[in-house]
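A quick write-up on the structure given underneath.
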Amino acid sequence: VSHCWGEPVVDFMACLETHSKDFENNYNDNQERMGGGMTEDTPVWICSYANNQNDLGASNMADPGGSSFIKAMRVANFRTLAMLDRQAEVLTRIWVIFELYTTLMGVNTSNDDKSL
């Protein structure tokens, strides 16, 4: 999940629940590639809970391409959910733009290719 924490946690969770309901069924193979088939048991990687926010250096931030963010995106086959807040502030955050760029570039490379 790519976001900026510009929204209340309640709104964030409601958005995630709605996404899960909207994408719970696959009607064709393309929907699987886009993240369809999401259930209540589908793992979701949320950086603020997965990374130590007091020690982001441990996440290899010196090389964003090798960071825990990108590793998680690879595991998820670059299925990224961009969470828009009410003011769309998320689109002003460079890290979110980097994640979206990486998603778009990642879907065009094989999972064996570690370069982006």
Side-chain angles (χ1 to χ4, degrees):
V1 178
S2 188
H3 66 108
C4 72
W5 284 118
E7 72 285 333
V9 174
V10 171
D11 290 353
F12 176 87
M13 292 306 298
C15 229
L16 195 54
E17 288 172 5
T18 297
H19 178 78
S20 177
K21 289 176 187 170
D22 289 347
F23 288 91
E24 67 186 349
N25 296 311
N26 284 332
Y27 298 105
N28 59 52
D29 291 340
N30 194 39
Q31 288 179 326
E32 170 63 26
R33 183 181 59 78
M34 296 185 320
M38 190 172 183
T39 68
E40 291 180 1
D41 296 329
T42 301
V44 177
W45 193 81
I46 301 169
C47 64
S48 55
Y49 298 123
N51 287 329
N52 181 346
Q53 298 298 303
N54 294 312
D55 185 15
L56 287 177
S59 299
N60 193 14
M61 301 308 284
D63 175 15
S67 69
S68 57
F69 294 85
I70 305 307
K71 289 176 184 174
M73 292 170 74
R74 276 194 185 100
V75 168
N77 294 319
F78 296 97
R79 292 177 292 185
T80 305
L81 171 63
M83 191 78 67
L84 291 177
D85 54 283
R86 294 182 192 275
Q87 289 75 34
E89 184 180 337
V90 67
L91 299 176
T92 68
R93 304 293 177 98
I94 192 67
W95 190 262
V96 172
I97 299 303
F98 174 70
E99 289 175 333
L100 295 175
Y101 168 80
T102 302
T103 297
L104 293 173
M105 299 311 296
V107 297
N108 293 319
T109 62
S110 72
N111 284 336
D112 296 331
D113 182 5
K114 300 302 181 202
S115 63
L116 293 176

Would you say that V96 contacts Y101 through its side chain, given a criterion of any heavy-atom pair below 4.5 Å between the two side chains?
no
Output, in order, the C-alpha distance, side-chain angles, deciding distance and verdict of side chain to side chain contact (heavy atoms under 4.5 Å, CB included) for F98 and T103.
CA-CA 8 Å; F98 174 70; T103 297; over 6 Å; no
Point-to-point distance, once rounded to the nearest 0.5 Å, from SG of C15 to CD of E7:
7.5 Å
Heavy-atom distance under 4.5 Å between the side chains of D22 and H19, does that happen here?
no
About how many Å separate CE of M13 and CE of M83, when rounded to the nearest 0.5 Å?
8.5 Å
T102 versus M73: any side-chain heavy-atom pair under 4.5 Å?
yes
Sequence neighbours excluded - salt bridge (Lys or Arg N to Asp or Glu O under 4.0 Å) pairs with any residue from residues 88-105
E89-R93
Pairwise side-chain contact, R86 with D11, heavy-atom cut-off 4.5 Å (strictly under)
yes
Output the distance between atom CG (L100) and atom OG (S2), rounded to the nearest 0.5 Å.
5.0 Å
Taking side-chain hydrogen bond (donor to acceptor under 3.5 Å, both in side chains) as the test, write out the residues that go with E17, two or more places apart.
none
With rounding to the nearest 0.5 angstrom, report the CH2 to OG1 distance, W45 to T80.
10.5 Å
If I take atom CD1 from residue I94 and atom SG from residue C4, how far apart are they, to the nearest 0.5 angstrom?
13.5 Å
Using 0.5 Å steps for rounding, measure from the OG1 atom of T92 to the CG atom of D85.
8.0 Å
Start with the C-alpha gap between V75 and K71, add the side-chain angles, then the distance that decides, and say whether side chain to side chain contact (heavy atoms under 4.5 Å, CB included) holds.
CA-CA 6 Å; V75 168; K71 289 176 184 174; 5.8 Å; no
By side-chain contact (heavy atoms from CB on, under 4.5 Å), which residues pair with V44, not counting sequence neighbours?
V1, L16, M38, I46
